[in-house]
Amino acid sequence: MLGKTELSFTGLELDGADLPQVADAVAQVLGLSRSEILVTDVRADNLVLDILRRGLDAKNIVGKERELLDAVATTAGVVVTAAAKVESRGLLSWVSASDGDPLAVLEQAESLFEGMRGKLAKTVTVFATGTELMNGQVKDTNSPVIREKLEALGYAVSLGKPLKDDEYYISAALVERAEEGYGLIITTGGVGAEVKDHTIEAFLLTDPQAATPQIVQYEAGVGRHVHKNVVRIAVGQVLDSLIIALPGPTDEVLLGLDALLLALDEPNRTKETIAERIAGVLRKRLRKQAQSSS
């Protein structure tokens, strides 16, 4: 709903209307550039415009219905009748706000929305990846421990079904959960340096700007590392959801989860800073393992 971008003018009499002039008038009232307004439909007494800008400031929109009608009335070939009105949905519906103080109502709505955003940020869904989990060959030990740890910290956690090793399948699951409003989406497994591992590819398919720092690098072309030779984790963004790809071993999952929680509390955090904090603790663990085995 917040993404709806159409403005529909009804109750107009059109006779040789100058549509570019109409678009100019609407753009001026809403504080937009002319290139951000597009007339998309004209039929009978109805005129529809599409607002191309994303991230509109509601304060530039609220209560502007009368001003929009007056501006359109000055354009060539357009008569605004007494029954004329401006309609839309979502954020753009604020143009017709008229009861009471629309800015005060908007501020109250923004406050409620921020409260809702805070609650959504504490909602989590977890996916284990791997065909061996889907067919029951291996038990998912990661998802339950993630849920236990996060629920103890006040998060609401939902466990998704295991995802098969396919980047398009994993990406579709990430997008679906993001559209449902989860603040945090965590996957485990599939980040290795073998041909069957596709989680990092799925994250880059979902968010091409995802941060994917490497944890360890193997010699290319040796053993199972013919197709790729780097183990990575990933941190990306889909809509308002943060997406996190952790490794498969449960002890590494818990290390990465602890690092993630610390990073989430940091001011001015970014995908890159979160990813590097997680990668750092995992690299440190691997170095200790290498030293102890040498």
Side-chain angles (χ1 to χ4, degrees), residues 1-5 54-56 90-91 110 112-130 140 142-191 198-213 232-248 253-254 256-279:
M1 293 295 282
L2 291 178
K4 189 66 176 175
T5 58
R54 298 298 181 264
L56 288 168
L91 178 61
E110 288 177 337
L112 291 172
F113 181 72
E114 285 304 312
M116 184 183 299
R117 187 194 295 273
K119 290 182 179 179
L120 289 175
K122 300 283 283 187
T123 60
V124 185
T125 189
V126 182
F127 290 110
T129 68
D140 174 18
N142 291 331
S143 299
V145 298
I146 292 174
R147 178 171 60 185
E148 181 180 3
K149 188 174 188 68
L150 290 181
E151 285 184 342
L153 296 173
Y155 286 84
V157 183
S158 170
L159 302 187
K161 294 181 179 180
L163 304 177
K164 64 181 178 180
D165 293 310
D166 179 279
E167 59 260 46
Y168 296 99
Y169 189 86
I170 296 171
S171 176
L174 296 174
V175 172
E176 182 181 42
R177 289 299 187 270
E179 290 175 342
E180 290 174 359
Y182 286 92
L184 193 61
I185 304 170
I186 300 173
T187 69
T188 64
V191 302
H198 294 275
T199 301
I200 299 302
E201 290 81 357
F203 271 62
L204 290 171
L205 182 65
T206 310
D207 175 8
Q209 282 75 50
T212 60
R232 301 179 183 274
I233 57 96
V235 177
Q237 183 88 25
V238 185
L239 301 177
D240 289 328
S241 302
L242 196 65
I243 54 176
I244 312 291
L246 297 176
V253 166
L254 289 174
L257 186 62
D258 286 340
L260 168 63
L261 292 170
L262 288 173
L264 291 177
D265 287 335
E266 292 175 349
N268 304 316
R269 59 181 172 83
T270 66
K271 292 183 286 189
E272 290 73 22
T273 59
I274 296 171
E276 192 51 45
R277 181 177 275 276
I278 297 170

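The shown structure was predicted, so the numbers you read here are calculated from the model rather than taken from an experiment. Heavy atoms only: backbone and side chains are in, while hydrogens, waters and symmetry mates are out.
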Worked verdict on Leu260 versus Ile186 for side-chain contact (heavy atoms from CB on, under 4.5 Å):
CA-CA 10 Å; Leu260 168 63; Ile186 300 173; 4.2 Å; yes
Please name the pair of heavy atoms, one in [X] and one in [Y], separated by the smallest distance, quoted to 0.1 Å.
X	Y	value
Arg269	Leu264	NE-O, 3.2 Å
Val191	Arg232	CB-O, 2.9 Å
Thr199	Ala245	CG2-CB, 3.9 Å
Thr206	Ser171	OG1-OG, 2.7 Å
Asp207	Gln237	OD2-N, 2.9 Å
Leu153	Lys122	O-NZ, 3.4 Å

How long is the straight-line distance from [atom2] of [Y] back to [atom1] of [X], given to the nearest 0.5 Å?
X	Y	atom1	atom2	result
Thr187	Leu163	OG1	CG	8.0 Å
Ile146	Ile244	CD1	CD1	11.0 Å
Ile233	Glu276	CD1	CD	8.0 Å
Ile243	Arg177	CD1	CZ	13.5 Å
Leu159	Arg147	CG	CZ	4.0 Å
His198	Ile170	NE2	CD1	8.0 Å

Is there side-chain contact between [X] and [Y], with at least one heavy-atom pair below 4.5 Å?
X	Y	answer
Leu246	Asn142	no
Val238	Ile185	no
Leu150	Leu261	yes

[X] side chain vs [Y] backbone, donor-acceptor pair below 3.5 Å:
X	Y	value
Asp240	Gly181	no
Thr125	Ser158	yes
Ser241	Gly183	no
Thr129	Gly189	yes

With side-chain contact (heavy atoms from CB on, under 4.5 Å) as the test, would you mind laying out the steps for Phe203 and Leu174 before giving the verdict?
CA-CA 8 Å; Phe203 271 62; Leu174 296 174; 3.8 Å; yes
Results of side-chain contact (heavy atoms from CB on, under 4.5 Å) for Glu148 - residues two or more places apart only
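With sequence neighbours excluded, Glu148 shows a side-chain contact (heavy atoms from CB on, under 4.5 Å) to no residue whatsoever.
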